[in-house]
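Report on the following structure.
We name chains A, B, ... by the order of the sequence lines, and we start the count at 1 in each one.
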2 protein chains.
Amino acid sequence: MTESPVHHESPIYRRIADRLREQIMSGTLGDGDRLPGENALMAEYGIARATARQALAVLINEGLAVPRRGSGVYVRLFRPIRRHGSRRLSRQQWGQGTAIWDSDARGRAYTVDEIQIQREAAGEQAAQVLGAQDVWVRRRRYSVDGRPVQLAVSHFPADLVEGTAITLPDTGPGGVYARLGDLGHTPVHFTEEVRARMPLPGEAELLGLPAGNPVIVISRVAYAVGGVPVELNEMTLDAASYVLQYDFEA
Amino acid sequence: MTESPVHHESPIYRRIADRLREQIMSGTLGDGDRLPGENALMAEYGIARATARQALAVLINEGLAVPRRGSGVYVRLFRPIRRHGSRRLSRQQWGQGTAIWDSDARGRAYTVDEIQIQREAAGEQAAQVLGAQDVWVRRRRYSVDGRPVQLAVSHFPADLVEGTAITLPDTGPGGVYARLGDLGHTPVHFTEEVRARMPLPGEAELLGLPAGNPVIVISRVAYAVGGVPVELNEMTLDAASYVLQYDFEA
DNA sequence: GAGTGGTCTAGACCACTAA
DNA sequence: TAGTGGTCTAGACCACTCC
């Protein structure tokens, strides 16, 4: 006869992680505070180093803690920026509404610290969405207070924007959307597809992400009147730095 | 004098992880395929077991692979459900638009497999958003094909919904929004705040999430005419199971 | 220079899966 | 029962941070 399920207590490293997590969640350990290090855990619990490391790895992979070489393991901070999907239907006219999540983007300016613009063959998605074989692509990285928070890659149908300022570093007053307007293709409708996942190593490096930090990926398509797609913008956001807000009617 | 930066090659475990990742991304290893196990990696690269484990842990924490006890490590699948934030402005009228991400929710039905309804003191957020001290709370878990994909917790001002079907398991035809309408508080405006993070252990358990799987958290507030907040719905989604879609005008 | 986290080895016992 | 991943020990050398 087969045995009934047995009682299993959590492994040591997990119980240690649970304890530390509780201290973080309860505020006993606050933003930026130092967690007990590997040596401290070894001494306190009488465990091997690998086990102490495993306990800390749990919190690191949960995005609650960040290791700093030669220094220690610290409580991670969450100071999001609020990104409005639709400004037009803003919270103003629904004044009773209180923001659920704090964000401190106010007063801090976006900085674009990298730009690459080139014409290239459309990838599978761009080709499918824009219905174009060649595209002009604008890649950039946004930072706030010197910290990178977002990667953005915009695709435009090459035939449409060839010879315009959209293919130049300086797109002029009003930016690319104003230039699309000059062409008679003002964007009037937007679709955003939002996903979240762990970053690839290249993304983690460009955004300076520690372990346990997911990214939010927004695939945004801009349509001109007549339903003509004029831009595909693929954005990769540090999930710890953003709260997305969308307003809409019933 | 201080030395200039030295050349650092990647550690072994990272190079192994990179190789395996490449095979996954390129499709050499497809959905559900088995990765080389710890023993295989030890033999192939002549490394210790801990090092092989570390290599696999990288992919697991990136959400690219899933370990199965006693069996092996397998390539993770990504089969998202499309969730429309706003159905009214659907893609129909922007017919040229092609969905960027495939989703296979069609034909599969949501199942609510857990319900808990109770009156309780409002938490900090609920109190702030709804302006109520007591709330009725409906907790549920949605599954698709028997797999849990979403936790949802709805809060209603207790004074508003007391004695209505909103406090009962069966809310009647049209659900809670129809009942709110009966009260003269039909929701007409919605605000959704979207974040992503790693799940807490309790969330990971309820959703059956493996390591390296983030969650998307949607805080949705429903407003009746006059800007009266009538519901706060806090949803926790398996990020690997969802693509959120939002449509809006310029 | 002392302490920290990063990498790695060489073992051990366990629970679980699958043939 | 053989093979797998899960947990844990007891060491080692390294690069880095901070004083």
Q) If you pin A52(A) and P36(B) to their nearest nucleotides in DNA chain D, which one's is more 5'? A) P36(B)
(Q) For S71(A) and R53(A), find the nucleotide of DNA chain C closest to each by heavy atoms; which residue's nucleotide sits nearer the 5' end? (A) S71(A)
Q: Report yes if at least one side-chain N or O of Y13(A) is closer than 4.0 Å to OP1 or OP2 of dC8(D); otherwise report no.
A: no
Q.
Taking donor-acceptor contacts at under 3.5 Å, does the side chain of R49(A) reach the base of dG5(C)?
A. yes
Q: Measure from NZ or CZ of R220(A) to the centre of the six-membered ring of F190(A) and say whether it is under 6.0 Å with the direction within 45° of the ring axis.
A: yes
Q: Report the C-alpha separation of D18(A) and R21(A) in whole Å, then their side-chain angles, then the decisive distance to 0.1 Å, and conclude whether the salt bridge (Lys or Arg N to Asp or Glu O under 4.0 Å) test is met.
A: CA-CA 5 Å; D18(A) 290 346; R21(A) 187 187 306 106; 2.9 Å; yes
(Q) With a 4.0 Å limit, can you tell me whether N39(B) has a side-chain N or O closer than that to the phosphate oxygens OP1/OP2 of dT4(D)? (A) yes
Q: Classify the nucleic acid contact of R34(A) as base, sugar-phosphate or nothing, counting any heavy atom under 4.0 Å across all strands shown.
A: sugar-phosphate
Q | Distance, rounded to the nearest Å, where L56(B) contributes CG and dT4(D) contributes P | A | 12 Å
Q: Using atom OH of Y74(A) as one end and atom C1' of dG5(C) as the other, report the distance to the nearest whole Å.
A: 11 Å
Q) Which part of the nucleic acid, if any, lies within reach of I12(A) when heavy atoms closer than 4.0 Å are counted: base, sugar-phosphate only, or nothing? A) sugar-phosphate
Q | Whole angstrom value for the distance that separates C1' of dT7(C) from CD1 of I16(B) | A | 12 Å
Q) Is it the case that R140(B) and S154(B) place a side-chain donor and acceptor less than 3.5 Å from each other? A) yes
Q: Can you figure out which of dG6(C), dC8(C), dT7(D) approaches the side chain of P67(A) most closely?
A: dG6(C)
Q. Whole-Å distance between dT7(D) P and R14(A) CZ?
A. 7 Å
Q.
Under a 3.5 Å threshold, yes or no: a donor from one side chain and an acceptor from the other, between R147(B) and S241(B)?
A. yes
(Q) I need the CZ-C1' distance between R68(B) and dA18(C), as an integer number of Å. (A) 12 Å
Q: Starting at atom CZ of R15(B), determine the distance to atom P of dT7(C), rounded to an integer number of angstrom.
A: 13 Å
(Q) Working note: Q245(A) + D247(A), criterion side-chain contact (heavy atoms from CB on, under 4.5 Å); need CA distance, chi angles, decisive distance, verdict. (A) CA-CA 7 Å; Q245(A) 179 176 335; D247(A) 287 81; 3.0 Å; yes
Q: For the side chain of E38(A), starting at C-beta, report the closest nucleotide among dA10(D), dG6(C), dT7(D).
A: dG6(C)
**Q.** Proximity to the side chain of I47(A) - top-ranked nucleotide from dT9(D), dT7(C), dG5(C)
**A.** dT9(D)
Q: Calculate the interatomic distance between Q54(B) atom CD and dG6(D) atom P; express it in whole Å.
A: 14 Å
Q: Give the rounded distance in Å between these two atoms: CZ of R69(B) and P of dA15(C).
A: 10 Å
